[in-house]
*Asks:* 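Once you've had a glance at the structure underneath, I'll fire off some questions.
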Amino acid sequence: MGLAASQARLLTITARKSDCEYRSMAYSHQKIALSRDMNIVSAEYQDSLNKTKLVYDFYGTGDKTTPLSYSLLMKPSKLNDYMPMPLTDSAGRVVLDAKLAAAAEYAGIPQEGFGTTPSSDIRDKFIQGLMKNGVITPAMGNGILGVQYNPSAGLGSIDTIDYVKRTVSYDDFVNNYLNNVEFDFSDLIGNTGGSNLDLYNYANGGSVVKDPGTEASKLTLAQILNGDYALVGTLWDTDKINEFGKGGVVDKVGSSTYWDVLFETMASYLDTTDPYTLAALEYAKNETLKKVECLGTGAAGADPFDISNAAHQWTSGDSGENDVYDEVRNRADDYIGFIYCHNKKGDKGGYNHGYGISITNMTKAYFTYFAQYMEGLASTDYEINNEESQSHFVDDNFAFEIVEGADTSGDSVLIASFYDMLFNQIATKGWTQNDKVDDNEYLQSVLQNGTMFISTIADDNYYYQGNYATNSYIKEVADEEGIAQAEAKYNREKEKINSKENVLDMKMKNLDTEISSLTTEYDTVKSVISKNIEKTFKRYNA
C-alpha cells in the first residue's frame with residue numbers, strides 16, 4: 001500500500017472509530033436516563049404500597065367497598081341514619097357544593113351565617129331552593145314543608161314527630177288525598193319536536209287541549225283517575241328514529257316528570273319503612289314504565305326501535321293527517337300503553353304517523369300493579385292486559401294503608417329533621433362554596449391533609465368539628481385496588497425499560513466489536529506507514 005493511500009485509510013479509520021465511540025457514549029447516557037426512569041417508577045410503586053382510601057362503613061361490618069363521598073355526609077339516607085355530618089372548613093363553616101350553595105343563597109343566608117337560627121320562613125325558602133335546584137324532588141320537598149320546622153334540631157334536640165296509619169278505600173284515597181296533587185302537561189302537548197301531541201279529554205263528547213301553559217293543561221291526579229284523558233297526535237318528522245323512539249314522542253312521554261310525580265306521590269302516603277310495600281312500589285313503577293317506554297336496542301341491521309311493547313299498532317291506508325289523528329284518538333282510551341299507527345302515505349313522502357296513550361288508563365294501571373303485588377301476584381284478581389276491556393283495575397275492594405299526621409311517607413319526618421339540622425348548622429355557623437367536594441379523591445385529600453373536617457352530633461345533640469379519624473363510620477384502609485393498579489403500571493413500565501436496555505446493550509456490544517476491529521486495523525495501517533517512512537529514509541541516506 002502506498003504511503004498516501006495508507007494515510008487516507010488511517011484518516012477514514014480514525015473518523016469511523018470516533019463516530020462509534022461517540023455513539024457508544026450516547027447509548028451509555030441513554031442507559032443512565034433509563035436507570036433514572038426506573039428509579040422514579042420504583043419510587044412511585046413503593047409509595048403506592050402505603051396508599052390508603054377512606055371508606056364508609058355505617059354498619060360496622062368491615063365493608064371496604066363503599067367509598068366516602070360528599071353525598072353520604074350531606075344527603076339523608078339509611079346509611080347515615082338520617083343524620084347529616086356536615087363537611088366544614090377550618091373556620092367551622094359548612095362546605096357546600098354548587099347546588100346546596102345555590103339553595104343557601106336562595107334563602108338569603110349570608111356566608112358568615114346569622115349566628116342564630118332564623119325564622120321558619122327562611123328555612124322554607126331553603127327547602128324550596130333545594131327543590132328548585134333538583135337536590136330533592138317536589139314530593140319530598142312538599143313533605144318536608146308539611147313538617148313543622150324544629151329550630152333546635154342539631155342544637156340540643158333531635159325531636160321526631162309521631163304519625164298514625166289509616167286504612168282507606170281506593171275512592172277515598174283518590175278523592176280525598178290526590179285531589180291537591182297537580183301536574184302541568186305543557187311540556188308534552190303542542191310541538192314537541194318531531195310530533196304534535198294534544199291532551200284529549202273523552203268526557204262530554206270530547207275536548208282538546210292544544211295550547212301549553214294554560215289552566216286546561218293542568219290536571220290533578222284525582223281528575224286524571226276520575227276522568228278519561230289521553231295524549232294523542234301525529235308524528236311529522238321524517239327521521240324514523242326521532243319520529244317515534246329515542247328523542248321522539250315515546251322518549252318524550254316515557255321520560256316525562258309526570259311519572260315521577262305519580263310514583264313519589266304514591267310513596268309519600270305509604271309506610272315506606274315496610275320492605276314489602278317498598279317492593280310493591282318498585283314493581284308497580286317498573287311495570288308501568290314498561291308500558292310507556294320504547295324497549296328497542298337500535299341494533300345494527302334492525303329497525304332503530306322495537307315497538308313490540310306497544311299495546312296496539314296497525315297500518316293505515318293512504319290517509320291524511322286528520323284521518324290518522326282520528327284513528328288514534330278513537331282507539332287510545334281502549335288500551336293500556338302506547339298505540340302506534342303507521343301511515344302508508346308516510347312512505348310516499350308524507351309524515352303523519354300516529355301516536356296515542358291513555359294517561360288515565362296508565363295511572364289506573366300503576367295503582368293496580370301495586371294492588372296486585374300487595375295481594376300476591378299469584379292470587380290477585382286484578383289484571384292488566386293491553387286492552388282496557390280485558391283488564392281489571394283496582395277498585396274499592398282493595399284497602400290502602402296510608403300514614404297520616406306530621407309524617408306522610410314513613411321517612412319524611414326523618415328527612416325533614418335531617419334538613420333542619422343541616423339548615424341550622426349553615427344558618428348559625430355560615431357556609432362556603434366548593435365545587436370540587438363531589439369528587440371523592442379530592443374529598444379524601446382535603447380530609448387527610450387537614451384542610452377540611454367533619455362535624456358530627458354528640459350525645460348532647462350538638463354538633464362538634466373533628467378529624468375524620470374520630471368518626472366511627474369512616475375507616476382508613478389500604479387501597480388494594482389502587483395498589484394493584486400501581487403494581488400493574490410498575491410491571492408495564494419495567495418491561496418497557498428492560499426492553500429498551502436490552503436494545504441498547506445489543507447496540508453497544510456491536511459497537512464494541514466494531515471499535516475493536518477498527519483499532520486492530522488502525523494499528524496495522526499505522527505500522528505500514530511507519531515502515532514506508534523508514535524505507536524512504538534508508539534509501540536517501542544510503
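For the numbers below, each heavy atom of this structure counts, side chains included, while hydrogens, waters and symmetry mates do not. These numbers come from a predicted model, not from an experiment. One is the number of the first residue; the rest follow in order along the sequence.
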*Asks:* Of the non-hydrogen atoms in Leu54 and Gln444, which two are nearest, and what is the gap between them?
*Replies:*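 Between these two residues, the closest heavy atoms are N-OE1, 2.9 Å.
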*Asks:* Under a 3.5 Å threshold, yes or no: a donor from one side chain and an acceptor from the other, between Asp184 and Ser217?
*Replies:*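 A donor-acceptor contact under 3.5 Å links the two side chains.
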*Asks:* Going by atom types only, do Thr363 and Tyr229 share a side-chain donor-acceptor pair under 3.5 Å?
*Replies:*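 Tyr229 and Thr363 do not have a side-chain donor-acceptor pair below 3.5 Å.
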*Asks:* Please tell me if the side chains of Met374 and Tyr283 come closer than 4.5 Å, counting only heavy atoms from C-beta onward.
*Replies:*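 A side-chain contact under 4.5 Å is absent here.
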*Asks:* Tyr149 vs Phe423 aromatic rings, parallel, tilted or perpendicular, using cut-offs 30° and 60°?
*Replies:*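 Geometry flag for Phe423 against Tyr149: perpendicular rings.
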*Asks:* So, do Phe367 and Phe398 have ring centers that fall under 6.0 Å from each other?
*Replies:*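 That pair fails the under 6.0 Å test.
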*Asks:* Hey, what do you get for OG (Ser417) to OH (Tyr82), rounding to the nearest 0.5 Å?
*Replies:*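 Rounded to the nearest 0.5 Å, the OG-OH separation comes to 11.5 Å.
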*Asks:* For residues Thr117 and Thr428, determine if any side-chain heavy atom of one lies less than 4.5 Å from a side-chain heavy atom of the other.
*Replies:*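 Touching, per the 4.5 Å side-chain cut-off.
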*Asks:* How far apart are the closest heavy atoms of Ile109 and Ala427, and which atoms are they?
*Replies:*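 Answer, listing the atom of Ile109 first, then Ala427: CG2-CA, 4.1 Å.
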*Asks:* If only atom types and distance count, is the side chain of Asn424 paired as donor or acceptor with the main-chain N or O of Asn150 below 3.5 Å?
*Replies:*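 It does hold such a pair.
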*Asks:* Does any donor atom in the side chain of Asp121 or Ser119 lie under 3.5 Å from an acceptor atom in the other side chain?
*Replies:*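 There is no such pair between these side chains.
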*Asks:* One pair to check against side-chain contact (heavy atoms from CB on, under 4.5 Å): Val94 and Tyr463. What are the steps and the verdict?
*Replies:* CA-CA 12 Å; Val94 181; Tyr463 273 90; over 6 Å; no
*Asks:* Hey, what do you get for CZ (Arg123) to CG (Leu422), rounding to the nearest 0.5 Å?
*Replies:*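 Answer for the CZ-CG pair, Arg123 versus Leu422, is 12.0 Å.
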*Asks:* If you compare all heavy atoms of Lys429 against all heavy atoms of Arg93, which two are closest, and at what distance to 0.1 Å?
*Replies:*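 So the minimum-distance heavy-atom pair works out to O-CG, 3.5 Å.
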*Asks:* How are the rings of Tyr276 and Tyr373 set relative to one another: parallel (under 30°), tilted (30 to 60°) or perpendicular (over 60°)?
*Replies:*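 Tilted.
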*Asks:* So does Val135 get a backbone contact from the side chain of Asn133, meaning a donor-acceptor N/O pair under 3.5 Å?
*Replies:*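 Side chain of Asn133 to backbone of Val135: no pair is present.
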*Asks:* Quick one: does any side-chain atom of Ser358 pair with a main-chain N or O of Ile336 as donor and acceptor, under 3.5 Å?
*Replies:*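 Flag not set: sc Ser358 to bb Ile336 has no pair under 3.5 Å.
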*Asks:* Drop me the distance from Ile359's CD1 to Leu219's CG, to the nearest 0.5 angstrom.
*Replies:*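 Ile359 CD1 to Leu219 CG: 9.5 Å, rounded to 0.5 Å.
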*Asks:* Say you draw a straight line from CG of Asn80 to OG1 of Thr456; how long is it, rounded to the nearest 0.5 Å?
*Replies:*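 Taking CG in Asn80 and OG1 in Thr456, the distance rounds to 12.5 Å.
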*Asks:* Any non-hydrogen side-chain atom of Val292 less than 4.5 Å from a side-chain atom of Trp259?
*Replies:*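 Of all side-chain heavy-atom pairs linking Trp259 with Val292, at least one is under 4.5 Å.
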*Asks:* When rounded to the nearest 0.5 angstrom, what is the spacing between CG in Leu270 and CD in Glu401?
*Replies:*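 Reported value, rounded in 0.5 Å steps: 9.0 Å.
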*Asks:* Please name the pair of heavy atoms, one in Pro86 and one in Met74, separated by the smallest distance, quoted to 0.1 Å.
*Replies:*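 For Pro86 versus Met74, the nearest heavy atoms are CA-SD, 3.6 Å.
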*Asks:* Mind checking whether Tyr366 and Phe263 have parallel, tilted or perpendicular rings, split at 30° and 60°?
*Replies:*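 Aromatic pair Tyr366/Phe263 classed tilted.
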*Asks:* Between Asn175 and Asn226, is there a side-chain donor-acceptor contact under 3.5 Å, judged purely by atom types and distance?
*Replies:*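 The answer is yes; a qualifying pair exists.
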*Asks:* One pair to check against salt bridge (charged side-chain N to carboxylate O under 4.0 Å, His left out): Glu495 and Arg492. What are the steps and the verdict?
*Replies:* CA-CA 5 Å; Glu495 281 293 321; Arg492 287 195 305 271; over 6 Å; no
*Asks:* Between Met452 and Tyr468, is there a side-chain heavy-atom distance shorter than 4.5 Å?
*Replies:*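 A side-chain contact under 4.5 Å is absent here.
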*Asks:* Please check: side-chain N/O of Asp81 versus main-chain N/O of Met83, any donor-acceptor pairing under 3.5 Å?
*Replies:*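 Judged by distance alone, no pair lies under 3.5 Å.
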*Asks:* Do side-chain atoms of Tyr56 reach the backbone of Leu72 as a donor and acceptor pair under 3.5 angstrom?
*Replies:*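 Checking the backbone N and O of Leu72 against the side chain of Tyr56, no donor-acceptor pair under 3.5 Å is found.
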*Asks:* So, taking the atom named CG in Asn434 and the one named CG in Asp97, what distance separates them when rounded to the nearest 0.5 Å?
*Replies:*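 Here the interatomic distance stands at 9.5 Å.
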*Asks:* Where do Gln372 and Ile384 come nearest, in terms of heavy atoms and distance?
*Replies:*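 For Gln372 versus Ile384, the nearest heavy atoms are NE2-N, 3.8 Å.
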*Asks:* So Tyr258 and Phe183, would you call those rings parallel, tilted or perpendicular, with 30° and 60° as cut-offs?
*Replies:*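 Perpendicular.
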*Asks:* Does any part of the side chain of Thr137, heavy atoms only, come nearer than 4.5 Å to the side chain of Asp260, both counted from C-beta?
*Replies:*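 No, too far: nothing below the 4.5 Å cut-off.
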*Asks:* Determine whether the side chains of Asp435 and Tyr442 contain a donor N or O and an acceptor N or O closer than 3.5 Å.
*Replies:*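 Looking only at side-chain atoms, Tyr442 and Asp435 do not form any donor-acceptor pair under 3.5 Å.
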